[in-house]
Amino acid sequence: MWIERKALAAEIPAAAALDTRQLCELLAALGFPVDGVASREGADVLDVDITANRGDAMSHRGMAREVAAKLQQPLAPLAPAPLAEGAPRVEVRLESPACPLYATALLSLGAGGTPPEPQALLRALESSPKGLPAVDASNELLHRYGHPTHAFDADRIQGAVTVRWAKGGETLVTLDGVTRTLTPQDLVIADETGPIALAGVMGGDGTKVTGATRRVLLESAWFDPKTVRATARRHSLHTDASHRFGRGADPAMATVARDLLVERLQAWAGASLEGAWTAGSLPAPAGSVSLPEALLSRVAGEPLQLGEAAEALRRLGCRVEVRPEALAVQPPSWRHDLTIPEDLAEEVLRLRGYEAIQSVLPPLEGPPQPLAPGYLQRQALARRLAHLGFHQTVTYGFISPEADAAYAAPDNAPGGRTLVNPLGQEYSVLRGTLLSSLRAAAEQNLRQGAREIRLFEVAPTYTSGPGGPVECFTLGLVWGGTLGGEDYLSPARRVQEADLSGIALDLGLASAPEVRSLGEGLFGFELPVSALPPAGARIIPAFRPFSRFPAVERDLSLLVELGQSYETLASAMRAALPQDLLQDLRCVDVFRHKSLPAGSQAWLMRLRFQADRTLVGSEVDGWMASALAAAESLGAKLRA
Amino acid sequence: MDHLLPAEILEADRAFAGALAACGDLDALLRLKGAYVGREGSHAARLMELLKAAPKEQKRDLGAAINGLKQQWEEGLKARQGELETAKKHLNALASNWDSSLPPPVPAHGALHPLNRLVDRLVEVFRPLGFHVEEGPEVETEAHNFDGLNIPEDHPAKASSDTFYLAAHPELLLRTHTSPVQVRTLLRVAPSLEQHGGIRFLAPGRVYRKDEIDPTHSPMFHQVEGMLVGHDIGMQHLKGTLEYALRALFGPHTEIRLRPSYFPFVEPGCEVDVSCPLCDAKGCRVCKGSGWVEILGAGLLHPNVLRYAGIDPAEWSGWAFGMGVERMAMMLSQTPDLRLFFENDQRFLKAMGGLD
């Protein structure tokens, strides 16, 4: 909200002594940070940030009340001579509790327009003056005093004015020229022909004040905040008026604002008052709130005197009674946000200044809790993969249905994971897989010229369930491109599926997961983090004895058919060897070359034996013979 | 003469030819050389010890056997070395005429994501104060995301223009903040709160709001929530904890400033500023010359939040804070565009995330 310095000083003269910077600091310390300062119409205008609970502060007068309370200086008087009210000139019926009070006046306009000064103020506040005194005065009052008012062209109103709920299907063309179809939840001002204004939101086009208007009917009412908020939202119609009524206007201000508006029209446009009257009455004020001394001191963190607190609250307009160990506080009509003791404690601290709050570490009342194993596991996993050369990604949790279908499990129906209001179709499904997101990130990196892609993400994936999507922390990993070749010692080669299996095994999986080819030389796998071994709880693993005798390593070069399964062959060889002595059996080289017999390849098998004694060559020879025999039984031959 | 040699030496000799042939590079060959003829711990060294200890009459024969064996091994190694050197002439040149200014091969490093790194750091900072980590699901109920946090029924944040809802489950939404973790945790610990002496935790996580993607907005981002419940907790404890934590994070000279503000789930509420860590509060572009940077929102728990969880606000009180991880990361790193955090360019990740 824009606050013009001169207009503020008109309400709190002491503020004139502050320069703009000091004023900004003062407002920030009161809870109204200034987002920026502009210079318009020869004055500094502050863009003040006002939280949703402080409808009362949304005017120069409201801001001045805060400054006055902080500076302990008086406000300028706000005393229009109260109008003598008479019999209604137009009947006003209030049919809904959402409008308990409706003050009005009927005036004949004379000659004259909006004076330059209020026009300049409106321009400074980025609200363009219309040159129509009834409209500009209503606007100026709103910015100065915070209470929205409205002027109807009285000659265009037919019969009695009723504040009522709209009838379903009724329409109203609002001032912005849009035809609004109303619902029974919309509160309207209506005449005998139908709605003429959306209560607290916007007037109607048919009764608007124009240059031809001779008589005006003024409205200064109080509307229920929830009703106004709902209507504004329903019609996407957020106006200065709905903003203020929606955050709670001051009901006591309704007749005052009407009187001020009449005063202005008389002064600016030579208007003559035909009559002023009020329908309904002020809503009953909320009861008083008790502020116990103990609660105040607990919130403040130090003993505070009730007398001082009472003084602070009085400066904010509260009526305060000091009782033993508590204050009985009646908040002013404009502070509907003060409803519980904590609200009052906050006001006391706020006026005192948050900088006076001490800095104390809270005592530890119970034992601290350890970090959860699942959290530690994911943290360790991420660090481990980063050390293995992988980059952790953060990608959106929602993807397109096509991207989801590419890798999500076929039985994971996307219907249960679909958003009703996504940003777009490409962000519409809570993902059942990380691979699509990782592939997209990988492709983006490839397009940027990356030689090798190593990415991983640890994030939830979602499975449709009867009660909603079930979340499961998942590890997704993508690796592809060219490995090595970046220095003079390691030759370049393409990343292979087997590289990913190796990573998976290195992470502690018992067997390699399904590695998927993602195209463009990229491979990936994903698995639930719970499938990986938990973070080690032991400080040092249990000791496992190892042999101090030398191990014996022998190689066996086998010629096998191209279709031979390695696992079958290796299992057969292992089965033929003493389990307790065979330490390792692995294929260390695969050789495929045209020099070999057609349809065959060579595997170099390396076997490692160890025992708690020195092994003798002849026994190793025997085992090697058994291993060879096992291999030969599956069609392998010793390579010459 | 073989009878003079121990069995493991004979075995080593038998394995020698195979091992030699399997040497694919000079490194492997060097290892093999070390194992057979190295000065210490090798087969040859062991033989020399045997020779020393052998009875005088055996020394001659044994000596001859050992020398024969050693010579055989050395010749084999030398021949294989020649082969490897010829095969990798280029490599050999580099290895034998080492130019130490040549860039050495460095292992490939990956990186943690900068956002995760920052969250990790925050957890570390709060650990010594007894905070642990609580987590909750990203798909939440309206009750946990709004109602339990004293957010009014008609609050604009509930609108489908602000919050993502699930089509098949109208009561479910993507959490708009990490605060529902507060609600869940309080509900869980309420029955045993006295026994535990209150609770204090951080809740880091991903949250969703219906914002279009642009340099300062993202429909998904991260928050870290902090919460503490105990006896007689007041604003001084919030200030004391944040001062400790922000000094641990930004340095011992860091100052903090509380300003009144409003959030439905706290009362009193405040915004917390920190003296600008980039210019030591002298005034710079990041703090817009003010010397202060807004870093988080906080406050004492609203009694309705405690009541919702079944905790008596007359008995217990507490505070909570919430901070935006991206916002803080952007401020600290002066990253100009939020989208960089979600593009996952390896160059960005390597530079911004790195490893500890």
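Letters A, B, ... are given to chains in the order of the sequence lines, protein chains preceding strands, and every chain is numbered from 1. Since the structure is predicted, the reported quantities are computational estimates derived from the model, not experimental observations.
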Checking [X] against chain A: side chain, backbone, both or neither under 4.5 Å from a heavy atom?
X        : value
B:Arg259 : both
B:Tyr208 : side chain
B:Gln195 : neither
B:His231 : both
B:Leu172 : side chain
B:Glu138 : both
B:Glu267 : both
B:Ile256 : neither
B:Tyr244 : side chain
B:Leu258 : both
B:Gln346 : both
B:His169 : side chain
B:Leu129 : both
B:Pro107 : neither

Give, for atom [atom1] of [X] and atom [atom2] of [Y], the distance between the pair rounded to the nearest 0.5 Å.
X        : Y        : atom1 : atom2 : result
B:Arg200 : A:Gln369 : CZ    : CD    : 11.0 Å
B:Tyr262 : A:Ile50  : OH    : CD1   : 14.5 Å
B:Phe131 : A:Leu364 : CZ    : CG    : 9.5 Å
B:Tyr165 : A:Leu419 : OH    : CG    : 12.0 Å
A:Tyr427 : B:Ile213 : OH    : CD1   : 3.0 Å
B:Cys270 : A:Glu346 : SG    : CD    : 9.0 Å

Minimum heavy-atom separation for [X] and [Y], please, with both atom names.
X        : Y        : result
A:Ala386 : B:Leu112 : CB-N, 4.0 Å
A:Thr51  : B:Ser261 : CG2-OG, 4.0 Å
A:Glu471 : B:Val139 : OE2-N, 2.7 Å
B:Ala111 : A:Phe456 : O-CE2, 4.4 Å
A:Ala459 : B:Arg206 : CB-NH1, 4.0 Å
A:Val299 : B:Gln236 : O-OE1, 4.2 Å

Given that the side chain runs from C-beta out, which part of [X] has a heavy atom under 4.5 Å from chain B: side chain, backbone, both or neither?
X        : value
A:Thr393 : both
A:Arg378 : side chain
A:Ser618 : backbone
A:Gln379 : side chain
A:Pro363 : both
A:Asn445 : side chain
A:Ala450 : side chain
A:Leu385 : neither
A:Arg606 : side chain
A:Pro466 : backbone
A:Phe549 : neither
A:Leu295 : neither

Between the side chain of [X] and the main-chain N/O of [Y], is any donor-acceptor distance below 3.5 Å?
X        : Y        : result
A:Asn421 : B:Ser161 : no
B:Asn344 : A:Ala441 : no
A:Gln392 : B:His113 : yes
B:Lys239 : A:Ile357 : yes

Leading residue by heavy atom contact count with chain B [cutoff under 4.5 Å; candidates [options]]:
options                                : answer
A:Gly424, A:Gly397, A:Pro550           : A:Gly397
A:Ser437, A:Gly366, A:Ala382           : A:Gly366
A:Asp555, A:Asp621, A:Val616, A:Leu455 : A:Leu455
A:Glu486, A:Arg21, A:Arg298, A:Glu342  : A:Arg298
A:Leu388, A:Leu430, A:Asp589, A:Val620 : A:Leu430
A:Ala440, A:Gly415, A:Ser359, A:Ala300 : A:Ser359

Check your understanding: Quick one: of B:Asp345, B:Asp232, B:Thr241, who has the most non-hydrogen atom pairs under 4.5 Å with chain A?
Key -> B:Asp345

Point to revise | A:Arg451, CZ atom: more than 12 neighbouring heavy atoms under 6.0 Å | key: yes

Review point. Quick check: are there more than 12 heavy atoms from other residues, nucleotides or ligands sitting under 6.0 Å from NZ of B:Lys288?
Key: no

Review point. By side chain to side chain donor-acceptor pair (under 3.5 Å), which residues pair with A:Tyr396, not counting sequence neighbours?
Key: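 For A:Tyr396 the side chain to side chain donor-acceptor pair (under 3.5 Å) partners, ignoring immediate neighbours, are B:Ser218.
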
Point to revise | A:Arg229 and B:Asp154 ion-paired at < 4.0 Å | key: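 B:Asp154 and A:Arg229: salt-bridged.
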
Practice item. Using the ring-ring contact (aromatic ring centres under 6.0 Å, His included) rule, take B:Phe164 and A:Phe398 through it: C-alpha gap first, then chi angles, then the decisive distance, then the call. Key: CA-CA 11 Å; B:Phe164 294 111; A:Phe398 31 51; 5.3 Å; yes

Practice item. Could you list the residues that satisfy side-chain contact (heavy atoms from CB on, under 4.5 Å) with A:Glu452, not counting sequence neighbours? Key: A:Arg454, A:Trp479, A:Leu483, A:Val495

Check your understanding: Would you call B:Ser160 and A:Val420 a side-chain contact if the rule is heavy atoms closer than 4.5 Å?
Key -> no

Point to revise | Non-hydrogen side-chain atoms of A:Tyr354 and B:Met235 separated by less than 4.5 Å | key: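 When only atoms from C-beta onward are counted, B:Met235 and A:Tyr354 do touch, with a gap below 4.5 Å.
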
